[in-house]
Amino acid sequence: TQLLEQSPQFLSIQEGENLTVYCNSSSVFSSLQWYRQEPGEGPVLLVTVVTGGEVKKLKRLTFQFGDARKDSSLHITAAQPGDTGLYLCAGAGVTGGGNKLTFGTGTQLKVEL
Amino acid sequence: EPEVTQTPSHQVTQMGQEVILRCVPISNHLYFYWYRQILGQKVEFLVSFYNNEISEKSEIFDDQFSVERPDGSNFTLKIRSTKLEDSAMYFCASRTLGPLHFGNGTRLTVT
């Protein structure tokens, strides 16, 4: 069974601060995706990383896939209240054509004024 | 932008009753999924469906669960005899070769 552990589980910060969320596993993934989920809604895709060591930037968000494709991080620069939400990482397995995603435990972020 | 739609948004049912959760995936997508999220817990894979058959299912997806694509647009999840522990958000998702697109979910409450 593939497991993805996210840390921290909860994070409450002030506007303007930087933060990093980690997603770790002992399993190798063919790709890893980051989602953001608002209350009462489904997860919305932020980014997909595929290559070990890959770094992708989406405005103030920087995503990195570990060299061994077992872990990933999400860094937010100068957080804003609009960044508040549940951040989920999800890995696609190396077998079965990546047929399903294994979701991480989630990081609940709250950015206060 | 096309989206995955799910109905109803909230379903309340009594223990032992059958429920059908409905999804309309994005029209040109070929792979379909159901996930669930128990309150306060992580999103869990239930089943994937491709070419009119189940391609993979989890341990959660036991004989009480079934999926169907009755026509070219709908994708349904049936729970034959609901239990209290089936209470959760159920998300439908679809994709072609790219990432999953999720619907907004159906909140199932079993009383």
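A, B, ... follow the sequence lines: proteins, then strands. Residue 1 opens every chain.
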Kindly compute the distance separating NZ (B:Lys57) from NZ (A:Lys100), expressed to the nearest 0.5 Å. 13.0 Å
Answer with side chain, backbone, both or neither: which region of A:Gln37 has an atom nearer than 4.5 Å to a non-hydrogen atom of chain B? side chain
With a 4.5 angstrom heavy-atom cut-off, is it the side chain or the backbone of B:Glu44 that approaches chain A, or both, or neither? neither
Within a 6.0 Å radius of atom CD on B:Glu85, are there more than 12 heavy atoms belonging to other residues, nucleotides or ligands? yes
Should B:Leu30 and A:Leu45 be regarded as members of a common hydrophobic cluster, given that ILVMFWY residues are connected when their side-chain heavy atoms come within less than 4.5 Å of each other, either directly or indirectly? yes
So which atom in B:Phe91 and which in A:Gly42 form the shortest heavy-atom distance, rounded to 0.1 Å? CE2-CA, 3.3 Å
Heavy-atom closest pair (B:Leu100 atom, A:Gln33 atom, distance to 0.1 Å) is N-OE1, 4.4 Å
By residue number, those in residues 102-111 of chain B with heavy atoms under 4.5 Å from heavy atoms of chain A are B:Phe102, B:Gly103, B:Asn104
Sequence neighbours excluded, the answer for salt bridge (charged side-chain N to carboxylate O under 4.0 Å, His left out) partners of B:Arg69 is none
If you take all heavy atoms of A:Thr105 and B:Lys42, which pair is closest and at what distance? CA-CB, 4.1 Å
Counting heavy-atom pairs under 4.5 Å with chain B, the top scorer among A:Ala90, A:Gly104, A:Ser31 is A:Gly104
A:Lys57: which residues meet the salt bridge (charged side-chain N to carboxylate O under 4.0 Å, His left out) condition with it, sequence neighbours left out? none
Tell me whether A:Leu109 shares a hydrophobic cluster with A:Leu46, the cluster being built from Ile, Leu, Val, Met, Phe, Trp, Tyr side chains joined at under 4.5 Å. yes
Backbone of A:Leu101 reached by a side-chain donor or acceptor of B:Tyr35 within 3.5 Å: yes
Is the number of heavy atoms from other residues, nucleotides or ligands under 6.0 Å of B:Phe65 CZ greater than 12? yes
Linking I/L/V/M/F/W/Y whenever their side-chain heavy atoms sit closer than 4.5 Å, directly or via other members, would A:Phe103 and B:Val4 fall into one cluster? no
Using a 6.0 Å cut-off, check whether atom CG of B:Leu97 has over 12 heavy atoms from anything other than its own residue. no
Step through the shown structure and confirm whether more than 12 heavy atoms of other residues, nucleotides or ligands are within 6.0 Å of CG on B:Asp63. no
Listed by chain and number, what are the salt bridge (charged side-chain N to carboxylate O under 4.0 Å, His left out) partners of B:Arg22, not counting sequence neighbours? none
